[in-house]
Amino acid sequence: MGEIISGRTLAASLKQKMAEEVATFESKYGRVPQLTVILVGEDPGSVSYVTGKAKSCAEVGINNSTVRLSDKTTEEELLTLIAQLNTDDAVDGILVQLPLPKHIDSDKVIAAINQEKDVDGFHPLNVAALWQKQPCTLPCTPKGIIKMLKSKNIAMAGKTAVVIGRSNIVGLPVSKLLLDENATVTICHSRTPNLKEVCLKADILVVAIGRPKMVTGDMVKEGAVVIDVGVNRNPETGKLCGDCDFDSCVEKALFITPVPGGVGPMTICCLMENTIECFLKKH
Ligand code: NDP
């Protein structure tokens, strides 16, 4: 039976340390960091993510303002708002909650955010810096995954890592970070034949597909580390569940992350860290 890596517990302790650090900022720098979150529309998932981010900001002592815009907002209006926030010295981090309504070009919006305020690490210059191993703001979910592995002293160097998913926000960047930790990385996607065969080779299996319980215990090597990034609604119970079938995977894994309470809280924790880093770079 594998040991559960609780992202919730790890995030709570990291946020506690950040709160202690932020508490010194007012006297050192005259103010605390400011994160502005832009939410376009009323997508329930996005509303809940934005609420979670605001709650974490409050815990850490970061000022948060959430700008709620109607789903009729035009791309031009959103770009104008971002331009204003870019030049506002009081704003350290800008986060545009994704996904955006279809009539708005997300790539264009992300590229419009000042790289130094890009707390999500999605700006093309931050992405380029990541792939060139230059200092940059790392995307929150991949950063959180590496922190979870390190928190349990899980060796990555020389290990076989398999990542399922090749999105810009999870699959690709986490693959690069694992590579930087000297793992041998295989990236799988919807066109990968023999997925089970590839997964069975993994010492570290990172699953970011977006399909409830797709990875089952028979796809996990005995003693592997399983990181479940997926956040889905279980079609039977309506409750949150991951991309892994937890009950069968935990039987094979040495370590496994739960959903909820695994990667999700670490993503938000890293957002707090990125906001503080952006603030400190200015001071
Ligand atoms: P995307 O939809 O952007 O990417 C999904 C990836 O899974 C794609 O690369 C796709 O392949 C691949 N895939 C789809 N079906 C299969 C299949 N049958 N076999 C193998 N690969 C497949 O999703 P994201 O990366 O944005 O998110 C993945 C999951 O992680 C979602 O559940 C999301 O909600 C969750 N998430 C959780 C976060 C957290 O903080 N916990 C943060 C971000 C995301 P292809 O490229 O070929 O289409």
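For ligands, and for the atoms within them, numbers begin at 1 and follow the listed sequence. These numbers were taken from a predicted model, which means no experiment stands behind them. Index from 1, following the sequence.
At least one donor-acceptor pair under 3.5 Å links the side chain of Asn274 to the backbone N or O of Leu138. With hydrogens and angles disregarded, no donor-acceptor distance shorter than 3.5 Å links the side chain of His189 to the backbone of Ser167. Although no hydrogens or angles enter the test, the distance criterion places a donor-acceptor pair under 3.5 Å between the side chain of Asp92 and the main chain of Gln34. A donor-acceptor pair under 3.5 Å is formed between the side chain of Asn232 and the backbone N or O of Gly242. Side chain of Arg166 to backbone of Gly171: no donor-acceptor contact under 3.5 angstrom is found.
Protein heavy atom in closest approach to atom 25 (O) of ligand 1: Ser167 OG, 2.5 Å. Atom 17 (C) of ligand 1 has its closest protein heavy atom at Met214 CE, 3.8 Å. Looking from atom 34 (O) of ligand 1 to the surrounding protein, the closest heavy atom is Val231 O, 3.6 Å. Scanning the protein for heavy atoms near atom 10 (C) of ligand 1, the closest one is Ser190 N, 4.2 Å. What sits closest to atom 21 (N) of ligand 1 on the protein, heavy atoms only, is His189 C, 3.1 Å. Looking only at heavy atoms of the protein, atom 29 (C) of ligand 1 is closest to Gly210 N, 3.6 Å. From the protein, the heavy atom lying nearest to atom 43 (C) of ligand 1 is Val170 CG2, 3.7 Å. Protein heavy atom at the shortest distance from atom 42 (C) of ligand 1 is Thr141 OG1, 3.3 Å.
Test Lys117, Lys282, Lys143 against Glu277 for salt bridge (charged side-chain N to carboxylate O under 4.0 Å, His left out) and you get one pass: Lys143.
Using a 30° and 60° split on the angle between ring planes, Tyr29 and Phe279 fall in the perpendicular class, above 60°.
One hydrophobic cluster, built from ILVMFWY side chains closer than 4.5 Å, cannot hold both Ile4 and Ile154; they sit in different ones. By the criterion of side-chain heavy atoms lying less than 4.5 angstrom apart, applied directly or through intervening Ile, Leu, Val, Met, Phe, Trp or Tyr residues, Met219 is grouped together with Val162 in one hydrophobic cluster. The hydrophobic clustering, which links ILVMFWY residues whose side-chain heavy atoms are closer than 4.5 Å, places Val229 and Met148 together.
Taking every non-hydrogen atom of Ile164 and a distance limit under 4.0 Å, the qualifying atoms of ligand 1 come out as 20 (C), 21 (N). Atom numbering of ligand 1 starts at 1 in the shown order; those under 4.0 Å from a heavy atom of Gly165 are 6 (C), 7 (O), 9 (O). Near Gly264, with a cut-off below 4.0 Å to any heavy atom, the atoms of ligand 1 are 40 (O), 41 (N). Near Gly230, with a cut-off below 4.0 Å to any heavy atom, the atoms of ligand 1 are 29 (C), 30 (O), 32 (O), 35 (C). Shown in contact with Thr267 at under 4.0 Å from a heavy atom are these atoms of ligand 1, numbered in order with element: 39 (C), 40 (O). The atoms of ligand 1 that sit less than 4.0 Å from any heavy atom of Ile169 are 26 (O). Heavy-atom proximity to Asn232, at under 4.0 Å, picks out these atoms of ligand 1: 32 (O).
In this comparison of Arg166, Arg191, Arg211, the heavy atom closest to atom 8 (C) of ligand 1 sits on Arg166. Closest to atom 28 (C) of ligand 1 by heavy atom, among Cys241, Ala208, Gly52, is Ala208. Ranked by closest heavy atom to atom 5 (C) of ligand 1, the top entry among Val163, Asn168, Ile209 is Ile209.
Residue Met266 places every heavy atom at 4.0 Å or more from ligand 1. Residue Val229 places a heavy atom under 4.0 Å from ligand 1.
The residues Lys147 and Glu273 are annotated as salt-bridged, a charged nitrogen and a carboxylate oxygen being separated by less than 4.0 angstrom.
Rounding to the nearest 0.5 Å gives a distance of 5.5 Å between CD1 of Ile276 and CD of Glu21. Expressed to the nearest 0.5 Å, how far CE of Met214 lies from CG of Asp228 amounts to 11.5 Å.
The proximity of Thr192 to ligand 1, defined as any non-hydrogen pair under 4.0 Å, does not occur for either the backbone or the side chain.
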